[in-house]
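Remember, predicted model here, so these are calculated numbers, not experimental data. Both counts, for ligands and for their atoms, begin at 1 and track the order of listing. No hydrogens, no waters, no symmetry mates; every other heavy atom, side chains included, goes into these values.
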Amino acid sequence: MYGRADRIVGSIVDMAGVARAKVLPMSRLTSFVESGAGASPSWSVFCVDDHLAFTPSYSVVGDLRLRIDSDDVRNLGNGTYWAPACLSEQDGTPSPACTRGAVRRVAERLASSGLTARTGHEIEFTLFDAATVEEWAAYGLNAVLAQEEFLDVLLSAAATAELPVEQVHAEAGLNQFEVSLAPADPVRAADDAVLARALISRVARAQGFRASFSPMPVAGGAGNGAHQHVSFSDGGVPLLSGGPGPHGLTESGGAAVAGILRALPEFTAVLAGSALSHLRLRPGMWSGVYRCWGLENREAAVRLCADTAGNPHGANLEIKPVDPSANPYLSTAAILGAAHDGIVGALPLPDEVSVNPAELTGADAVDLLPTLPSDVLGALRVSSLAQDLFGPAILEALLAVKEYENSRYRDEPVDEVAQRFRYAWTS
Ligand code: GLU
Ligand code: MG
């Protein structure tokens with residue numbers, strides 16, 4: 001039974017990676033499911049600073065509905081319930097601007113080729129106002145014990161909300177933590193990533209901290225990544241293990257790696273496209289800025305985690321360039337669509353890089369992902385794969401938002417921009 005003040009929050013993620021929400025009394029749950037809550041189409045062109053990057057298709061006129069599914073409702077505690085929302089038109093049909101819908105479409109595309117994907121998200125964040133700076137070591141036991149209460153409340157909230165936390169650790173940066181989530185069906189996994197951020201933000205607040213999900217919370221410090229893990233199977237048979245290729249890759253598994261590597265430049269705007277992202281996307285940051293793959297290579301954009309006893313979920317690819325400014329639905333659609341393209345085209349697996357790519361020079365040198373706005377946005381603008389996967393409605397909004405953000409903030413002093421947007425991606 002719900003209490004009189006219980007409420008249901010439905011949220012979407014916009015092109016800037018910011019979650020935006022409507023709240024209804026729990027007694028109106030059926031209405032949230034069947035009719036939805038109103039939202040201006042301009043929600044799709046909100047930028048990280050709340051500027052509206054209007055385009056010919058996104059203006060002050062029109063109405064969309066945020067609709068939830070009662071099967072997706074999660075209990076956040078204290079009378080607050082949450083569900084991921086889809087954007088639909090007033091007549092109930094799905095809106096082409098719905099990014100969650102883009103993941104569904106790409107999953108169907110995989111299914112039409114007999115393929116299934118599973119994805120999993122890593123959530124890195126930095127706690128501010130945490131009085132632990134004297135008790136901190138990267139991956140430190142001291143760091144996690146000093147935050148015992150925060151972790152206690154967070155894990156209990158995760159259990160209540162059915163968020164599948166796999167592990168938590170102190171990351172390399174001061175007061176930086178990571179929560180890793182279990183793999184799931186791609187829509188559910190992206191929903192989990194949104195939920196995780198909401199729970200972490202909420203528990204941090206309740207404990208007197210603030211959680212930052214900025215790719216670069218303090219200029220010159222450690223970056224927050226949002227690495228995504230992905231695996232594929234064909235009729236239940238895994239593509240990333242048991243094959244004749246390197247480390248057990250099958251031919252299709254190798255083609256998936258090749259497809260992702262091929263598409264990374266055109267999707268950098270989707271995976272790490274904020275005006276701060278380039279500060280993290282650099283060699284030595286373990287952010288996968290090198291456009292290559294390698295077994296357990298933490299500087300490679302695609303890190304192969306092979307099928308070993310130490311890897312109970314089986315072989316998977318970790319896509320490292322993704323940062324928390326990415327809309328997790330769009331990053332998922334981009335990664336899965338690129339892999340599918342590689343598989344369908346039977347792309348050959350490029351050579352593995354099994355050293356730190358920074359050591360390779362001359363003819364062996366590995367390309368870096370683009371980070372200049374003109375290159376990043378230019379590659380997305382001409383991407384036929386992006387058109388195909390996202391559709392013109394999403395692409396128009398996405399480009400307008402990323403173009404505004406980069407032209408407005410990219411040349412401002414980095415410490416000011418980092419400070420200004422430190423909590424922009426906090427829920
Ligand atoms: N914080 C790093 C990043 O920005 C990742 C460190 C790690 O490999 O977990 O991607
Ligand atoms: Mg990490």
Side-chain angles (χ1 to χ4, degrees), residues 17 119-128 136-141 143-144 147 151 154 165-183 189 192-193 196-197 200 211-230 260 264 267-268 270-306 310-311 313 316-326 328 331 335 353 355-358 368-369 371 414 418 421-422 424-426:
T119 52
H121 297 249
E122 295 183 7
I123 316 285
E124 290 187 344
F125 59 98
T126 312
L127 287 183
F128 283 83
W136 183 270
Y139 307 99
L141 174 60
V144 282
Q147 290 303 352
L151 296 179
L154 179 62
V165 172
E166 292 257 292
Q167 63 154 307
V168 185
H169 65 264
E171 256 295 335
L174 196 62
N175 287 328
Q176 189 186 32
F177 290 88
E178 174 177 324
V179 170
S180 326
L181 304 178
D192 283 345
R197 227 190 267 192
I200 293 164
S212 170
F213 298 86
S214 166
M216 188 53 63
V218 178
N224 283 317
H227 307 172
Q228 281 188 229
H229 291 256
V230 56
I260 293 169
L264 278 177
F267 286 138
T268 301
V270 179
L271 309 186
S274 76
L276 282 169
S277 296
H278 67 109
L279 298 171
R280 162 184 173 270
L281 215 48
R282 289 180 175 175
M285 301 287 280
W286 292 25
S287 58
V289 69
Y290 289 98
R291 189 184 177 191
C292 62
W293 76 277
L295 179 70
E296 297 295 358
N297 191 332
R298 287 183 166 75
E299 278 283 84
V302 178
R303 166 187 169 204
L304 172 64
C305 306
N311 190 3
H313 292 298
N316 61 84
L317 306 173
E318 181 186 30
I319 315 304
K320 290 182 75 85
V322 193
D323 79 34
S325 71
S331 57
I335 292 165
V353 171
V355 296
N356 183 344
L368 296 173
L369 296 185
T371 48
V414 289
F421 295 116
R422 186 169 294 156
W425 295 279
T426 302

Going by the closest heavy atom to atom 4 (O) of ligand 1, which one wins out of Glu178, Arg280, Glu171? Arg280
Does one side chain, of Glu122 or His229, offer a donor that lies under 3.5 Å from an acceptor on the other? yes
Spatial distance of atom CD (Glu171) from atom OH (Tyr139) [nearest 0.5 Å]: 4.0 Å
What's the spacing between Ser325 OG and Phe421 CZ if we round to 0.5 Å? 11.5 Å
So CG of Asn224 and CG of Leu276: to nearest 0.5 Å the spacing works out to 11.0 Å
Could you tell me which atoms of ligand 1, counted from 1 in the order shown, lie closer than 4.0 angstrom to a heavy atom of Met285? 2 (C), 3 (C)
Before signing off on this row, confirm whether Glu124 and ligand 1 have an N or O atom pair separated by under 3.5 Å. yes
Looking at non-hydrogen atoms alone, which of His227, Gln176, Arg298 comes nearest to atom 7 (C) of ligand 1? His227
Is there a polar contact between ligand 1 and Tyr139, counting only N or O atoms under 3.5 Å apart? no
I need the contact type for Asn224 against ligand 1. Using non-hydrogen atoms and a strict under-4.0 Å cut-off, is it side chain, backbone, both or neither? backbone
If only side-chain N and O atoms count, and only distance matters, is there a donor-acceptor pair under 3.5 Å linking Asp323 with Ser287? no
Under 2.8 Å from the Mg ion (ligand 2), which protein N, O or S atoms do you find? Ignore water molecules. Glu124 OE2, Glu171 OE2, Glu178 OE1
Tell me the protein heavy atom at minimum distance from atom 8 (O) of ligand 1, and give that distance in Å. Lys320 NZ, 3.1 Å
Nearest atoms (heavy-atom pairs only) where Trp286 meets Lys320: O-CE, 3.0 Å
